[in-house]
Number of protein chains: 2
Amino acid sequence: MELDLTLDAVTLTRALVDIESVSRNEQAIADAVERALTTLPHLTVVRRGNTVVARTDLGRDERVVIAGHLDTVPLNDNLPSRLDEETGLLHGLGTCDMKGGDAVILRLAATVPEPVRDVTYILYEAEEIDSEFNGLNKLSQSDPDLMQADFAILMEPSDAVVEAGCQGTLRVEVRTTGERAHSARSWRGVNAIHGAAGVLARLNDYEARRPVIDGLEYHEGLNAVFIRGGVAGNVLPDECVVEVNFRFAPDRSEADAEAFVRDFFEGYDVRLTDTAPGALPGLDRPAARDFIAAVGGVVNPKFGWTDVARFTVLGVPAVNFGPGDPMLAHKQEEFVPVEHIERCEQQLRGWLGGL
Amino acid sequence: MELDLTLDAVTLTRALVDIESVSRNEQAIADAVERALTTLPHLTVVRRGNTVVARTDLGRDERVVIAGHLDTVPLNDNLPSRLDEETGLLHGLGTCDMKGGDAVILRLAATVPEPVRDVTYILYEAEEIDSEFNGLNKLSQSDPDLMQADFAILMEPSDAVVEAGCQGTLRVEVRTTGERAHSARSWRGVNAIHGAAGVLARLNDYEARRPVIDGLEYHEGLNAVFIRGGVAGNVLPDECVVEVNFRFAPDRSEADAEAFVRDFFEGYDVRLTDTAPGALPGLDRPAARDFIAAVGGVVNPKFGWTDVARFTVLGVPAVNFGPGDPMLAHKQEEFVPVEHIERCEQQLRGWLGGL
């Protein structure tokens, strides 16, 4: 399978979609991407696993990263791609998340040989599964220099509007304990499920903080995502566990967020199980300011966690900007508007070309 | 394997214990019981499955049932039986629950040929497993006449003291619903686990009723026995289910009990999943009064549900009275005090003999 980078970005999106690349099965698409980029004399190409990095090296004052993942969630009877000419929507697995963005990256790589800012294009594997397989995560450990830049754009679907920063996420188990007893003699025991009433009452009293950072209003959230307890139908349970997910604005560190949750559930047994930092929008950097202006000035806060946080950890401000509605990601019926693909390409081309 | 009913009840208990009879494997023990009882000319023996019924038919004014189950819970490295002469404790699977009681039944059947009240001895299968297999339940459907009596004694372990009646039990699922949303945008959804706070708060406010019936104080209980909810670690759950077990005093019918629970959780989705009636102590019947006097006048209320309720449904008052500590039932280390077996036998012999 060869990719022809002289074709338009929509046709290229279709070609990428039709190379099935469910996570851990990215070899074919990564091979095609690597071959296509290697033919371009203005780029230096490096491959790590099924992650492909292509760089210009023109000695510009600034360097930017433009990145996208090559994998998709599992097949769900939604291949091959199907273009509806009437509505202008391209349907199929990965159209929205995020081969439309990948096609824009490949088109820019092929057709902007002398950008006004040096560019590092990264097309990576295994974003949709556990972090240990994530190509960008691996690259940040094996070759952090390849991710260094003044600014990074992740072409995740964002309705072709800039979504800046991202909120952090943290999970804790809040546990109540009791004492087992036969339910026919319940006064001999202590019911741990009843003890969880106070945990849920506090969650109901929670009021979300909505801090404004770089002009963007974030919106925190504290939610039980699982609850479990019970031994048998005739036994008072001696343990109940409420799993709580805290989504925190990027002005909090992971440590601050953990301290907040521990304080919130003071008096209960709280165990941290999972945490990932947020990412500040970083819109004060010159490269970021120019980019925002080039794409029309509209910026929204990103609520969900994305790989932009991996750049933040390296000190690189990063935003999400890509074709497709993020609410359609992972849906059987995902699609991308052709107009989004074309607009993203045009705006990025203008910015890289210094127009 | 032959049972020698001329031996004392403790030796007979050992013989019964050493015939392994985990539920659904009662054929050998039922065969031995049937053969032993069939040799006794004063009894009429009927067999249904692995349930054996033996009756006197002396035309007495009263008839009493004395019943015990032949099965045990699964083996747990606790066979064969072991008699500790020093402590007077007989150890092993089924010693407490309830072959000590079965041995007393067989001894009475063999050695009281002319009781002052007619007796129906019932030794039945599959008490420890699902009700559909229960020998007494089956008999109440196939041959309810064989269970008819003025009074019934179930020789379940009760510390050799009368436990009268039993509490009913009922289970409901109390369900809260919400609307799924990504936990990063939690304001777009409704968290069903948070909605369960009110269910648990009501359970914490519950005050147990303790009605006195025939001089016995019962003690109701309303407890969550399971709670479950959750879709994924990043999703607001749209359903939470609290499974609640209500143990109710025998002055309530199942319908009354259900109405109480539905009223208690008014405003929530309540689904009945399981119900079994309680049993009134029925201590006002002459046969019951005489029996209580014969065993020393002490009567306690039975809190747990037992097969006595199957007699109540047929209009037969019933009590639990048998050797062994009920708290040891189903324990690996179960045992029965020899003294309990001897005392139960002696007291029942006196009552049946009109002493």
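For the numbers below, each heavy atom of this structure counts, side chains included, while hydrogens, waters and symmetry mates do not. Convention: sequence-line order gives letters A, B, ...; per-chain numbering from 1.
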Response to the item:
Answer key: most heavy-atom pairs under 4.5 Å with chain B among G195(A), C240(A), A197(A) is A197(A)
Fill in: Option in F303(B), W187(B), W305(B) with maximal non-hydrogen atom pairs under 4.5 Å from chain A
W187(B)
Discussion item. Can you tell me if E207(B) has over 12 outside heavy atoms packed within less than 6.0 Å of its CD?
Written reply: no
Discussion item. Restricting to non-hydrogen atoms, name the atom on D71(B) and the atom on E128(B) that form the minimum distance, rounded to 0.1 Å.
Written reply: OD2-N, 2.9 Å
Discussion item. Please identify, among G304(B), A232(B), G189(B), the residue contributing the most non-hydrogen atom pairs under 4.5 Å to chain A.
Written reply: A232(B)
Discussion item. Tell me whether the NZ or CZ atom of R202(A) lies within the 45° cone about the ring axis of F264(A) and under 6.0 Å from its centre.
Written reply: no
Response to the item:
Note: vs chain A, highest number of non-hydrogen pairs under 4.5 angstrom among V242(B), L222(B), I193(B), T169(B) is I193(B)
Worksheet entry | Contact class of H182(A) relative to chain B, heavy atoms under 4.5 angstrom | side chain
Worksheet item: Quick one: what part of N223(A) sits under 4.5 Å from any heavy atom of chain B, side chain, backbone, both or neither?
Response: both
Worksheet item: Is it true that F260(B) and F248(B) have ring centroids separated by less than 6.0 Å?
Response: no
Discussion item. Between Q332(B) (side chain only) and N76(B) (backbone N and O only), is there a donor and an acceptor less than 3.5 Å apart?
Written reply: yes
Worksheet item: Would you call R175(A) and E173(A) a salt bridge, taking side-chain N to carboxylate O under 4.0 Å as the test?
Response: yes
Worksheet item: Relative to chain B, which segment of R188(A) carries a heavy atom at a distance below 4.5 Å: side chain, backbone, both, or neither?
Response: side chain
Worksheet item: In terms of heavy-atom proximity below 4.5 Å to chain A, should V199(B) be classed as side chain, backbone, both, or neither?
Response: neither
Fill in: Presence of salt bridge, R209(B) and D251(B), under 4.0 angstrom
yes
Practice prompt. Determine the minimum heavy-atom distance between A192(A) and D238(A), stating which atoms define it.
Written response: CB-C, 3.5 Å
Worksheet item: Which atoms of C166(A) come close to chain B, meaning under 4.5 Å heavy atom to heavy atom: side chain ones, backbone ones, both, or neither?
Response: neither
Response to the item:
The interface call for N234(B) against chain A, heavy-atom contacts under 4.5 Å, is both
Discussion item. Keeping E334(A) on the side-chain end and C96(A) on the backbone end, is there a donor-acceptor pair under 3.5 Å?
Written reply: yes
Worksheet item: Among R185(A), E220(A), H219(A), R228(A), which residue forms the greatest number of heavy-atom pairs with chain B at distances under 4.5 Å?
Response: H219(A)
Discussion item. Let's test your reading of the structure: which of P237(A), A196(A), A224(A), G198(A) forms the most heavy-atom pairs below 4.5 Å with chain B?
Written reply: A224(A)
Worksheet, complete the sentence: In terms of heavy-atom pairs under 4.5 Å with chain B, the winner among A201(A), A208(A), G233(A), G221(A) is G233(A)
